[in-house]
> 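Handing you a structure now.
Everything numeric here is computed off the predicted structure, so don't read it as measured data.
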Amino acid sequence: MTTLTTTTSPPSTPAPASGPRVTGTLRVTGTLGERYREILTPEALDFLTLLHDRFVARRHELLMDRQQRRQDVADGIDPDFRPSTRPVRDDPSWRVAGSADAPGLEDRRVEITGPTDPKMTINDLNAGAKLSLADAEDASSATWRNVIEGQLALHDAIRGTLTHTAGSGDHRKEYRLRSTTLTDLPTIVFRPRGWHLIEKHMRYVDRAGVSVSASASLVDFGLYLFHNAHELVARGRGPYFYLPKLEGHREARLWNDVFVLAQECLGLPQGTIRATVLIETLPAAFEMEEILHELRDHCAGLNAGRWDYLFSVIKAFRTRGDSYVLPDRAQVTMTAPFMRAYTELLVQTCHRRGAHAIGGMSAFIPDRRRPDVTERAFEQVRADKRREATDGFDGTWVAHPDLIEVARTEFDAVLGDAPNQLSRQRDDVRVGQHELLDIGSARRAGATVTAAGLRSNVSVGVRYLESWLRGVGAAAIDHLMEDAATAEISRSQVWQWIASGTRTENGVPITRERVEALLAEIVDDLPRTPGNRIDDAAHVFRAVALAEDFPTFLTIGAYSQFLVGSEVDQP
């Protein structure tokens, strides 16, 4: 095991003159693979140390606030718009920075998402979308290898030098960027891990000697910005980010303060960083304007992160009884009244403040060996993107290169030659607390909980976890693109159905014993291959879906217990 330690601030990354210099220590305890020292330089580590010095305590306080809000909802206090921030919502004068002076963010009609490994980075940048979302969060498994080699892949891609070789002999395949000029490729937007996650391969020790695992958010953001911000600007782009899992404006304020300090340290003009916030938690849906306001000098837009949003809704009301139980995941579409309220409010809020509204990702993906599956995926995605474009969204996500043209066609039909729909104000939208919390509307419309839906949740949950434990965070399962967000829906629905005494459409109750039997059957049927982690995945699924207590995120325990130190974790 190799340990790198930093304790002083070198001249190349000076701390602000008005603030304290580095006082803590950051230790890297992960094994150093080939080229890892190019990312984990003393200067970069010192930059991370400064970020931790300033912000790690506030991060902890905000995570404690999350726990209190969850308890409030469990106690029957419904989320609502904050009276204390009403002046922000009522003030018509302020706007966000948007895409002004942010080259490459003007037209976002199609964004392709994927993990940051070299192969996927090259494929996404070659695919022809407007933006490429380099995802270190839900589409990635947080192995040490993925974290650092993902940074290396982006470092090389920005400089036009990224290549990748897969296979050998007759099966050898070379991957290269279609251009070495960054402005000829999709604009890169990087998504770091959320505030709730830690990086266990780094330890931060404060001036009092208290040692904690590093913040995954600060590690991902800091390494990417430190190494690439100036290079991006020089090559006609900028350091752009997606911010995941925010639960309110105070968490947005924390990110804004991180941006301000980081830009000051690196000699970047304030406002160089631009961020798009994923509205993928129920609390954040009630604070969209406040989130935009806190980030207004750095904010480009909001994204409707539909799958995490559904997970957040289930998590919030998991103990509130049958009226808050959702039907099968496949039956909860974006036309459900509470989901439509959420997306329409997002578009209205964004356009009122000069921010882009970016749509979510349909889970359907094509299969080039199955024309029938491909056509069905095209039909589903076509309808989804037509709805988003018609509703006023400025762009959308896809998870597969073959879906780019399908999505672009629908947005082209509405946008034409215009880069966005910012001038379109949705003054017709009237969404309040009732509309956002009308969770029972899906079942009132006839959707049900079925035995097939239960089996699908268990099967998808276990198979995705098995993939994640092998270091693969985005997995095609049953012709759907599954990531951590969709797996969260699967396991949280099972937990809620058990806790609520839900019955399937044929009247059979969903019990812990029934799910255990189903899990055993599914695990027995899965093929065993060298290196698979089916038994570990089943263990994790039991812990997050069948335990008395509900873990807030399935990845937290799985990361610490099964991922860190595993074979796939090492370089």
> If only atom types and distance count, is the side chain of R455 paired as donor or acceptor with the main-chain N or O of L518 below 3.5 Å?
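No; judged by distance alone, with no hydrogens or angles, the pair does not exist.
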
> Got a salt bridge between E516 and R542, using NZ or NE/NH1/NH2 to carboxylate O under 4.0 Å?
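Yes, charged N to carboxylate O under 4.0 Å.
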
> Is the backbone of A452 close enough, under 3.5 Å, to the side chain of S456 for a donor and an acceptor to pair up by distance?
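Pair absent, no side-chain N/O of S456 close to backbone of A452.
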
> Relative to each other, are the rings of Y175 and H164 parallel, tilted or perpendicular (30° and 60° limits)?
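Tilted, since the angle between the ring planes falls between 30° and 60°.
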
> Is there a donor-acceptor pair closer than 3.5 Å between any side-chain N or O of W495 and the backbone N or O of A547?
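Such a contact is found between W495 side chain and A547 backbone.
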
> Tell me which one of D138, D220, D135 satisfies side-chain hydrogen bond (donor to acceptor under 3.5 Å, both in side chains) with R193.
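Of the listed residues D138, D220, D135, the side-chain hydrogen bond (donor to acceptor under 3.5 Å, both in side chains) partner of R193 is D220.
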
> Think R329 forms a cation-pi with W307, using NZ or CZ under 6.0 Å from the six-ring centre and within 45 degrees of its axis?
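Judged by the rule, R329 and W307 form a cation-pi pair.
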
> Classify the angle between the aromatic ring planes of Y36 and W144 as parallel (below 30°), tilted (30 to 60°) or perpendicular (above 60°).
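Judged by the thresholds at 30° and 60°, the geometry between Y36 and W144 is perpendicular.
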
> Mind checking whether F259 and F241 have parallel, tilted or perpendicular rings, split at 30° and 60°?
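If you compare the ring of F259 with that of F241, the planes turn out parallel.
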
> How many angstroms lie between CD in E488 and CD in E482, if you round to the nearest 0.5 Å?
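Reported to 0.5 Å precision, the distance equals 12.0 Å.
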
> Between the side chain of H52 and the main-chain N/O of L26, is any donor-acceptor distance below 3.5 Å?
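Side chain of H52 to backbone of L26: no pair is present.
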
> Tell me whether D53 contacts the main-chain N or O of G24 through its side chain, where contact means a donor paired with an acceptor under 3.5 Å.
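Such a contact is found between D53 side chain and G24 backbone.
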
> Under a 3.5 Å distance rule, please check whether N303 uses its side chain to pair with a backbone N or O of G305 as donor and acceptor.
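Answer holds: yes.
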
> Got T180 and T161 here, is their nearest side-chain heavy-atom distance under 4.5 Å?
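Result no, sub-4.5 Å side-chain heavy-atom pair not found.
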
> Could E388 and R306 be called an ion pair, given the rule that one side-chain N must be under 4.0 Å from one carboxylate O?
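The answer is yes: the pair qualifies as a salt bridge.
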
> So which heavy atom on T396 is nearest to which on G360, and how close?
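Nearest pair, atom of T396 first, then G360: OG1-O, 3.2 Å.
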
> Does the pair W468 and Y559 meet the rule for a ring pair (Phe, Tyr, Trp, His ring centres under 6.0 Å), with working shown?
CA-CA 10 Å; W468 189 85; Y559 173 72; 7.2 Å; no

> Between S459 and R463, is a side chain to side chain donor-acceptor pair (under 3.5 Å) present by the stated rule, with each step listed?
CA-CA 6 Å; S459 177; R463 285 186 287 165; 3.0 Å; yes

> Mind checking the CZ-CG spacing from R178 to L185? Nearest 0.5 Å is all I need.
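The CZ atom of R178 sits 5.0 Å away from the CG atom of L185.
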
> Measuring from S141:OG to Y464:OH, what's the distance to the nearest 0.5 Å?
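The OH atom of Y464 is 7.0 Å from OG of S141, to the nearest 0.5 Å.
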
> Has the side chain of N228 got a donor or acceptor atom that lies under 3.5 Å from a matching backbone atom of E231?
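No: the side chain of N228 does not pair with the backbone of E231.
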
> Does the ring center of F553 lie less than 6.0 Å from the ring center of H196?
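Judged by ring-centre distance (under 6.0 Å), F553 and H196 do meet the cut-off.
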
> Please tell me if the side chains of L403 and F378 come closer than 4.5 Å, counting only heavy atoms from C-beta onward.
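Yes, their side chains come closer than 4.5 Å.
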
> In terms of side-chain geometry, is the basic nitrogen of D117 or K119 positioned less than 4.0 Å from the acidic oxygen of its partner?
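No.
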
